[in-house]
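Here, residue 1 is the first one in the sequence, and each next residue gets the next number. Remember, predicted model here, so these are calculated numbers, not experimental data. We count ligands from 1, going down the list as the structure has it; atoms in each ligand are counted the same way.
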Amino acid sequence: MLRLEKLVKTYKTGDQALKAVDLDVPEGQVLALIGPSGAGKSTLIRCINRLVEPTSGKVYLGDVELTGLSSGALRRERRRMGMIFQEYALVERLTVMENVLSGRLGYVGFWRSFLRRFPQSDVDEAFRLLDRVGLVHMADKRADELSGGQRQRVGICRALIQNPALLLVDEPTASLDPKTSRQIMRLICELCKERGLAAIINIHDVALAQMFVQRVIGLRLGAVEFDGLPEGLTPDVLTTIYGEEDWEATIEKVDDESEAAE
Ligand SMILES: Nc1ncnc2c1ncn2[C@@H]1O[C@H](COP(=O)(O)OP(=O)(O)OP(=O)(O)O)[C@@H](O)[C@H]1O
């Protein structure tokens, strides 16, 4: 459902962030993108929805070549790609409900969005999503009253209310404590499964990636160094992606029992 063909990004500074990346993501697959700082993970995610303009190569979402679209057509196609950010990107002074509904702005007309008047069906869906992530009781709270984990749940609802075919997730847990990080990763992966959604999750934490996804892509210096099952991330493979390190400690599974009831 998503295909990248020889995707290249060279920034104006001369930094070659992506070097001819090929990638196929089937429908419903959740994959983690790992790699050291500067490997090109954020650039890859942002080249897919063209928040960063690729230098060359092609991106297909289904049959549509995103790289060939005019700005109007791109705006429409972007509705099919929900994005979740590290820093949540909520509007602090708006309520939880308003932040979730802002995910529909690509759908409602200009005046409706200007007046923030959304169809009842959108409001109903927002309540359903907030209920699913355990935040329905906070619908009227302002975003700046929420904890990091709660904010990210709102960010997830805002992405899902777009009814996307693909989720692009950029470091969803980087600002969260370890336990909340696991809860958020689990939630994202469960929701993808429930909805048959594909997702690409840029994540620093290798153990967390291994715990939840079906496929891992390891990027190094803008190229795919590893593409396989989480179990394939042996210390040797991690050394080729990241360099020398004591990987036995890093890939040790975290005790998950304490969360079983959550
Ligand atoms: N706007 C930019 N202008 C110039 N160079 C950039 C820009 N953004 C990223 N780069 C460069 O492109 C390369 C890839 O960066 P990118 O942020 O995609 O990596 P990353 O794997 O996401 O890193 P991190 O994990 O630290 O976020 C790096 O060398 C970086 O310096």
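- Only the side chain of Thr13 comes within 4.0 Å of ligand 1, judged by heavy-atom distances.
- Remark: distances from the non-hydrogen atoms of Gly40 to ligand 1 include one below 4.0 Å.
- In terms of protein heavy atoms, atom 15 (O) of ligand 1 is closest to Thr43 OG1, 3.8 Å.
- Each of Leu168, Leu167, Ile188 was compared with Ile201 under the side-chain contact (heavy atoms from CB on, under 4.5 Å) criterion, and only Ile188 meets it.
- Of all atoms in ligand 1, listed by their number and element, those nearer than 4.0 Å to a heavy atom of His204 are 25 (O).
- Not a single heavy atom of Lys12 sits less than 4.0 Å from an atom of ligand 1.
- Exactly one residue among Thr180, Asp205, Thr173 makes a side-chain contact (heavy atoms from CB on, under 4.5 Å) with Met185. That residue is Thr173.
- Close to ligand 1: Pro36, with a non-hydrogen atom less than 4.0 angstrom away.
- Per-residue contacts place Ala17 under 4.0 angstrom from the following atoms of ligand 1 (heavy atoms of the residue considered): 12 (O), 13 (C), 14 (C).
- Contact of the Gln86 side chain with the Ser42 side chain is not registered, since no non-hydrogen atoms from C-beta on lie closer than 4.5 Å.
- Side-chain atoms of Thr13 and Asp15 include a donor-acceptor pair closer than 3.5 Å.
- The backbone N or O of Phe212 sits nowhere less than 3.5 Å from a side-chain atom of Arg186 that would complete a donor-acceptor pair.
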